[in-house]
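Read the numbers this way: they start at 1 and go in the same order the structure lists the ligands and their atoms. On a predicted model such as this, the values are computed, not experimentally measured, just so you know.
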Amino acid sequence: MKIIHTIAELREWRKTVGTVAFVPTMGNLHAGHMALIQEARRQAAHTVVSIFVNRLQFGQGEDFERYPRTLEADAALITVNGGVDVIFAPDEKELYPNVIQQYQVNPPAIADELCGAFRPGHFRGVATVVSKLFNIVEADVACFGKKDYQQLAVIQGMVNDLNMPIRIVPVDTGRAEDGLALSSRNGYLNEAQRAEAPRLYYHLCRMKRAIEAGERDYSKLAIETVADLRVRGWHEIDYVETRNAISLKPAAAGDKQLVILIAARLGTTRLIDNIEVQLG
Ligand code: PAF
């Protein structure tokens with residue numbers, strides 16, 4: 001397993017191999033990332049994982065500075081999980097030489113809803129870095145987790161609309177035994193918050209069951225969830241929404257593929273989760 005830090009070296013390596021599957025990450029890897037890597041191995045002969053904490057996707061007051069940088073531990077975890085061909089850990093100065101006047105990829109209005117409404121510019125930062133990484137790695141396939149459902153939709157839209165020659169493979173959310181979606185941010189939770197955190201998934205499952213049983217008053221389900229989360233100490237409940245799973249527009253009568261999405265804070269940690277609902 002090579003650890004490559006420069007774009008030139010990555011490009012040299014790329015010329016020497018056949019099909020490549022790519023997993024972009026910001027590091028601080030956990031079992032959820034290992035599931036993405038496992039899927040990547042199934043998709044192509046070679047695998048590349050990038051590790052880069054992307055300043056452009058963090059807003060003011062977000063956790064860019066305290067985001068854990070754990071390259072050695074990440075490499076060790078990948079190794080014990082079967083390895084990849086390359087870990088690409090570029091230097092910020094090389095990836096963003098013009099951080100002030102950087103050309104950026106501007107996603108459409110759907111990226112300003114849900115998480116985008118609370119994290120202005122976040123998906124522009126994500127789309128920009130992902131398109132740069134796609135241009136550098138030139139992979140055939142890239143794997144993204146459904147945990148970041150809106151991110152996956154933005155990337156899929158970017159690939160479609162900009163005719164990028166890469167196939168996006170969505171990977172199911174990895175969960176702890178109690179249902180909590182695996183996330184690097186779970187590490188910020190104290191013991192009591194960690195015990196409370198699976199409540200997001202509990203409510204997603206509750207809402208899904210109700211919809212499957214015929215409930216179509218999505219706002220009522222959301223209001224019940226918000227009320228319970230508040231009582232349990234959650235705050236800044238950014239959204240509890242039922243949307244069309246493909247367009248991410250608010251669910252309309254007759255939509256068969258839905259997704260319920262939640263974002264809320266426990267202490268200072270913002271957690272997100274979602275669940276798909278297939279009707280009919
Ligand atoms: O999901 C992430 O870890 C990041 O948003 C990504 C896709 C690696 C872009 O920085």
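When Val226, Leu271, Asp228 are each tested for a side-chain contact (heavy atoms from CB on, under 4.5 Å) with Trp234, only one passes: Leu271. Results of the side-chain contact (heavy atoms from CB on, under 4.5 Å) test with Ser131 over Ile136, Val126, Val105 single out Val105 as the only residue that passes. Applying side chain to side chain donor-acceptor pair (under 3.5 Å) to Tyr188 and the options Thr268, Asp63, Thr269 leaves one that passes, Asp63.
Of the options Arg55, Gln57, Gln151, the smallest heavy-atom separation from atom 1 (O) of ligand 1 is shown by Gln151.
Residue-level proximity to ligand 1 for Ile155 is absent, since no heavy atom of it falls below 4.0 angstrom.
The contact set between ligand 1 and Thr25, taken as ligand atoms under 4.0 Å from a residue heavy atom, comprises 8 (C). Atom numbering of ligand 1 starts at 1 in the shown order; those under 4.0 Å from a heavy atom of Val129 are 9 (C), 10 (O).
For Tyr96 and Asn54, the side-chain atoms include at least one donor-acceptor pair closer than 3.5 Å.
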